[in-house]
Amino acid sequence: MKTETDMRTLLIHGGIDGDDVTGAVNVPIYQTSTYEQNALGELRGGYEYSRSANPTRKALEALIADLEKGTDGFAFASGLAAITAVFHLFKSGDTIVISNNVYGGTFRLLNKVFPQFGLNFKVVDTSDLEEVKQAVSEDVKAFLIESPANPLMTITDIKAIAEIAKENGILTIVDNTFMTPYLQRPIELGADIVVHSATKYLGGHSDLIAGLAVTNNKELAERLGFTQNATGGILQPFDSFLLIRGIKTLSVRMDRHIENARYIAEFLKDHPAADQVYYPGLADSDGYEVNRRQADGPGAMISFRLNEGYDLKKFYTSLKVAKLAESLGGVESLVCHPASMTHASIPEEVREKVGITYNLVRYSPGLEAKEDLVKDLENAFKESRR
Ligand SMILES: *Cc1c(COP(=O)(O)O)cnc(C)c1O
């Protein structure tokens with residue numbers, strides 16, 4: 001597809017559209033591990049073994065490359081498998097600079113797994129460009145950022161970070177999970193690699209775990225493709241199909257997620273139970289202008305601090321529509337407690353320092369009627385009032 005195509009169209013027709021052989025409008029699920037060869041050294045359709053390549057996965061990989069305006073896409077068994085594969089591009093002695101609000105599992109990988117192999121990391125507030133410049137040194141080979149970052153919805157200026165990176169020969173990696181390419185395309189802003197937990201908005205139905213990565217050039221694609229095949233954390237054909245199916249409806253889902261998020265954020269802002277509301281769609285939020293400049297919308301993730309006049313445990317159990325669960329971006333509203341759930345792998349003193357306090361609540365509005373979601377919150381506040 002040409003890159004000028006509207007994103008809403010591209011979501012449905014990007015990548016490999018349908019099946020040329022039968023005319024099926026959907027890419028078939030090629031549930032096969034291997035492919036018969038015509039003769040020694042002579043493949044029939046270019047496929048050899050499904051860890052290396054599979055037509056259903058390939059369709060998904062072509063689709064995400066189109067959506068993110070990159071050269072190549074790669075599909076993995078989870079977001080963390082995608083991020084792990086990307087980390088394998090680096091070597092012992094290299095340092096990766098990450099946002100202080102990076103996803104807990106990403107932090108755990110860099111804090112517990114990769115140090116065993118000599119890959120180091122530095123934590124900075126990437127919303128502060130001066131701090132980012134200060135962090136640059138000879139051994140720094142990559143910036144890994146999220147915008148908005150989990151769970152305080154901190155906005156980082158992706159273009160400015162990519163410029164600092166380019167001046168210093170550093171790669172910019174953006175975890176675009178919260179925004180999706182429908183709202184934000186980091187490669188257009190100068191990033192080299194985009195990663196996704198496709199488990200969230202891209203899949204959109206809380207029924208699969210998947211990860212994606214996209215590169216902005218062929219040299220990186222070659223290396224990441226090698227790593228994908230060599231380390232083997234690939235996405236299965238059926239899950240690839242589910243993810244393609246999810247992506248087709250992303251524009252309508254995301255529009256509704258945002259409509260609901262705005263409504264809920266406005267409600268929370270005026271409610272005494274919420275001390276502070278974090279949502280990049282609120283005009284007085286930090287990073288509002290930067291986000292408007294670099295993205296086509298504020299996304300739909302909200303966090304707030306529950307006032308001490310309310311019982312936190314009671315609040316969670318009093319919600320009846322929103323379910324208490326890890327994850328986000330599905331059709332159903334989910335609420336979570338970052339300090340003990342998504343960010344539990346971050347040491348407490350680090351958590352407190354970056355604002356992931358015990359009373360912080362994260363809310364992922366689903367596609368239910370927004371009035372019902374607000375009623376649900378109103379009732380939970382009433383029930384949990386001390
Ligand atoms: C969930 C998540 C991940 C990890 O993805 P999995 O699919 O759970 O492995 C990475 N980054 C962000 C921002 C996430 O929300």
Q: Is it true that a side-chain atom of Lys166 and a backbone atom of Gly190 form a donor plus acceptor pair closer than 3.5 Å?
A: yes
Q: Under 4.5 Å between any side-chain heavy atoms of Val27 and Asp17, yes or no?
A: no
Q: Nearest heavy-atom pair of Ala85 and Thr227: which atoms, and what distance?
A: O-CG2, 3.4 Å
Q: Looking at Phe315 versus Phe381, is the centre-to-centre ring distance below 6.0 Å?
A: yes
Q: Considering only heavy atoms from C-beta outward, does the side chain of Val361 approach that of Val335 to under 4.5 Å?
A: yes
Q: Report whether Leu235 and Val194 are members of the same hydrophobic cluster (ILVMFWY, side-chain heavy atoms less than 4.5 Å apart, transitive linking).
A: yes
Q: I'd like to know if the side chain of Asp94 and the backbone of Lys141 have a donor-acceptor N/O pair within less than 3.5 Å.
A: no
Q: Using only heavy-atom distances, determine whether the side chains of Asp139 and Thr95 contain a donor-acceptor pair under 3.5 Å.
A: yes
Q: Determine, step by step, whether Asp255 and Tyr182 satisfy the side-chain hydrogen bond (donor to acceptor under 3.5 Å, both in side chains) criterion, reporting the C-alpha distance in whole Å, the side-chain angles of both residues, the deciding distance to 0.1 Å, and the verdict.
A: CA-CA 10 Å; Asp255 289 348; Tyr182 178 58; 2.7 Å; yes
Q: Counting only heavy atoms not in Asn38, do more than 12 fall under 6.0 Å of its CG?
A: yes
Q: Hey, are Glu219 and Arg223 close enough for a salt bridge, meaning a charged N less than 4.0 Å from a carboxylate O?
A: yes
Q: Between Glu368 and Ser333, do the side chains contain a donor N or O and an acceptor N or O under 3.5 Å apart?
A: yes
Q: Judged by modelled atom types alone, do Ser197 and Tyr103 share a side-chain donor-acceptor pair under 3.5 Å?
A: no
Q: Look at the side chain of Arg51 and the backbone N and O of Gly232, then say whether any donor-acceptor pair between them is shorter than 3.5 Å.
A: no
Q: Are Phe107 and Val113 linked, directly or through intermediate hydrophobic residues, by side-chain heavy-atom contacts shorter than 4.5 Å (ILVMFWY only)?
A: yes
Q: Sub-3.5 Å donor-acceptor pair from the side chain of Ser303 to the main-chain atoms of Pro151, do we have one?
A: yes
Q: Work out which heavy atom in Ala191 is nearest to a heavy atom in Ala162; give both atom names and the distance.
A: N-CB, 4.2 Å
Q: In the structure I gave you, are the side-chain heavy atoms of Leu319 and Leu324 within less than 4.5 Å of one another anywhere?
A: no
Q: Regarding Tyr278 and Gln276, do their side chains bring together a donor and an acceptor under 3.5 Å, going by distance alone?
A: yes
Q: With no hydrogens and no angle check, do the side chains of Glu378 and His271 hold a donor and an acceptor under 3.5 Å apart?
A: no
Q: For the pair Asn101 and Ser99, evaluate side-chain hydrogen bond (donor to acceptor under 3.5 Å, both in side chains) and give the outcome as yes or no after the intermediate values.
A: CA-CA 5 Å; Asn101 271 327; Ser99 317; over 6 Å; no
Q: Working to the nearest 0.5 angstrom, can you tell me the gap between Leu80 CG and Thr199 OG1?
A: 8.5 Å
Q: Is the shortest side-chain N to carboxylate O distance from Asp311 to Arg385 below 4.0 Å?
A: no
Q: State whether the number of non-hydrogen atoms from other residues, nucleotides or ligands found under 6.0 Å of Glu36 atom CD is greater than 12.
A: no
Q: Just by distance, with hydrogens left out, do Asn26 and Arg245 show a side-chain donor and acceptor under 3.5 Å apart?
A: no
Q: Within a radius of less than 6.0 Å around NZ of Lys159, do more than 12 heavy atoms belonging to other residues, nucleotides or ligands occur?
A: no
Q: Decide if atom NZ of Lys248 counts as having more than 12 heavy atoms of other residues, nucleotides or ligands within a radius under 6.0 Å.
A: yes
Q: Is there a salt bridge (Lys or Arg N to Asp or Glu O under 4.0 Å) between Asp296 and Arg185 once you walk through the steps?
A: CA-CA 9 Å; Asp296 297 330; Arg185 291 162 300 281; 3.0 Å; yes
Q: So Ser92 and Phe117, do their side chains get closer than 4.5 Å, heavy atoms only?
A: no
Q: Quick one: do Leu243 and Leu11 end up in the same hydrophobic cluster if we chain Ile, Leu, Val, Met, Phe, Trp and Tyr together by side-chain heavy atoms under 4.5 Å apart?
A: yes
Q: Checking Tyr49 against Asn54: is there a side-chain donor and acceptor pair closer than 3.5 Å?
A: no
Q: When you compare the side chain of Phe74 with that of Ile64, does any pair of heavy atoms fall below 4.5 Å?
A: no
Q: Decide whether Glu146 and Thr156 meet the rule of one side-chain donor and one side-chain acceptor closer than 3.5 Å.
A: no
Q: Taking Gln236's backbone N and O only, do any of them form a donor-acceptor pair with Ser240's side chain (distance below 3.5 Å, no angle check)?
A: yes
Q: If Ile, Leu, Val, Met, Phe, Trp and Tyr residues are connected whenever their side-chain heavy atoms lie under 4.5 Å apart, and connections chain through other members, are Ile234 and Leu202 in the same group?
A: no
Q: Hey, are the side chains of Thr231 and Thr84 touching, using non-hydrogen atoms and a 4.5 Å cut-off?
A: no
Q: Quick check: are there more than 12 heavy atoms from other residues, nucleotides or ligands sitting under 6.0 Å from CD of Glu308?
A: no
Q: Does the His196 side chain pair with the main chain of Gly79, one donor and one acceptor, at a distance under 3.5 Å?
A: no
Q: Salt-bridged, Asp6 to Arg8, with N to O below 4.0 Å?
A: yes
Q: Could you tell me whether Lys320 and Asp376 make a salt bridge, using a distance below 4.0 angstrom between a side-chain N and a carboxylate O?
A: no
Q: Does this structure show an ion pair linking Arg293 with Asp157, if we count only N-O contacts that are shorter than 4.0 Å?
A: yes
Q: Do you know the tightest heavy-atom contact between Leu110 and Leu119?
A: CD2-CD2, 4.4 Å
Q: Is the number of heavy atoms from other residues, nucleotides or ligands under 6.0 Å of Glu326 CD greater than 12?
A: yes
Q: Between Tyr201 and Thr177, which heavy-atom pair has the shortest distance, and what is it?
A: CD1-O, 3.7 Å
Q: Give the C-alpha distance, both sets of side-chain angles, the deciding distance and a yes or no for side-chain hydrogen bond (donor to acceptor under 3.5 Å, both in side chains) between His205 and Glu332.
A: CA-CA 8 Å; His205 296 74; Glu332 62 290 290; over 6 Å; no
Q: Ring centres of Phe114 and His88 under 6.0 Å apart?
A: yes
Q: Does some side-chain heavy atom of Pro186 sit less than 4.5 Å from a side-chain heavy atom of Glu68?
A: yes
Q: Looking at Tyr358 versus His337, is the centre-to-centre ring distance below 6.0 Å?
A: yes
Q: Do the side chains of Phe87 and Leu144 get nearer than 4.5 Å, heavy atoms only?
A: yes
Q: Do the side chain of Gln294 and the main chain of Ile158 share a donor and acceptor less than 3.5 angstrom apart?
A: yes
Q: For Glu348, look at atom CD and say whether over 12 heavy atoms of other residues, nucleotides or ligands are found less than 6.0 Å away.
A: no
Q: Tell me if a side-chain donor or acceptor on Asn176 pairs with a main-chain N or O of Gln184 at a distance below 3.5 Å.
A: yes
Q: If you compare all heavy atoms of Gly70 against all heavy atoms of Val214, which two are closest, and at what distance to 0.1 Å?
A: CA-CG1, 3.7 Å
Q: If we count only N and O atoms by modelled type, under 3.5 Å, do the side chains of Asn217 and Thr71 hold a donor and an acceptor together?
A: no
Q: Step through the shown structure and confirm whether more than 12 heavy atoms of other residues, nucleotides or ligands are within 6.0 Å of CD on Glu222.
A: no
Q: Quick one: does any side-chain atom of Arg362 pair with a main-chain N or O of Thr342 as donor and acceptor, under 3.5 Å?
A: no
Q: Exactly one of Leu183, Leu67, Thr180, Leu250 should register a side chain to side chain contact (heavy atoms under 4.5 Å, CB included) with Met7. Which one does?
A: Leu67
Q: Spell out, yes or no, whether Leu312 and Leu377 are grouped together once hydrophobic residues are joined by side-chain heavy atoms under 4.5 Å, including indirect joins.
A: yes
Q: With a 3.5 Å cut-off and no angle check, do the side chains of Gln228 and Glu61 form a donor-acceptor pair?
A: yes
Q: Can you name the closest pair of heavy atoms from Cys336 and Ala325 and give their distance?
A: CB-O, 3.4 Å
Q: Is it true that a side-chain atom of Ser78 and a backbone atom of Ala81 form a donor plus acceptor pair closer than 3.5 Å?
A: yes
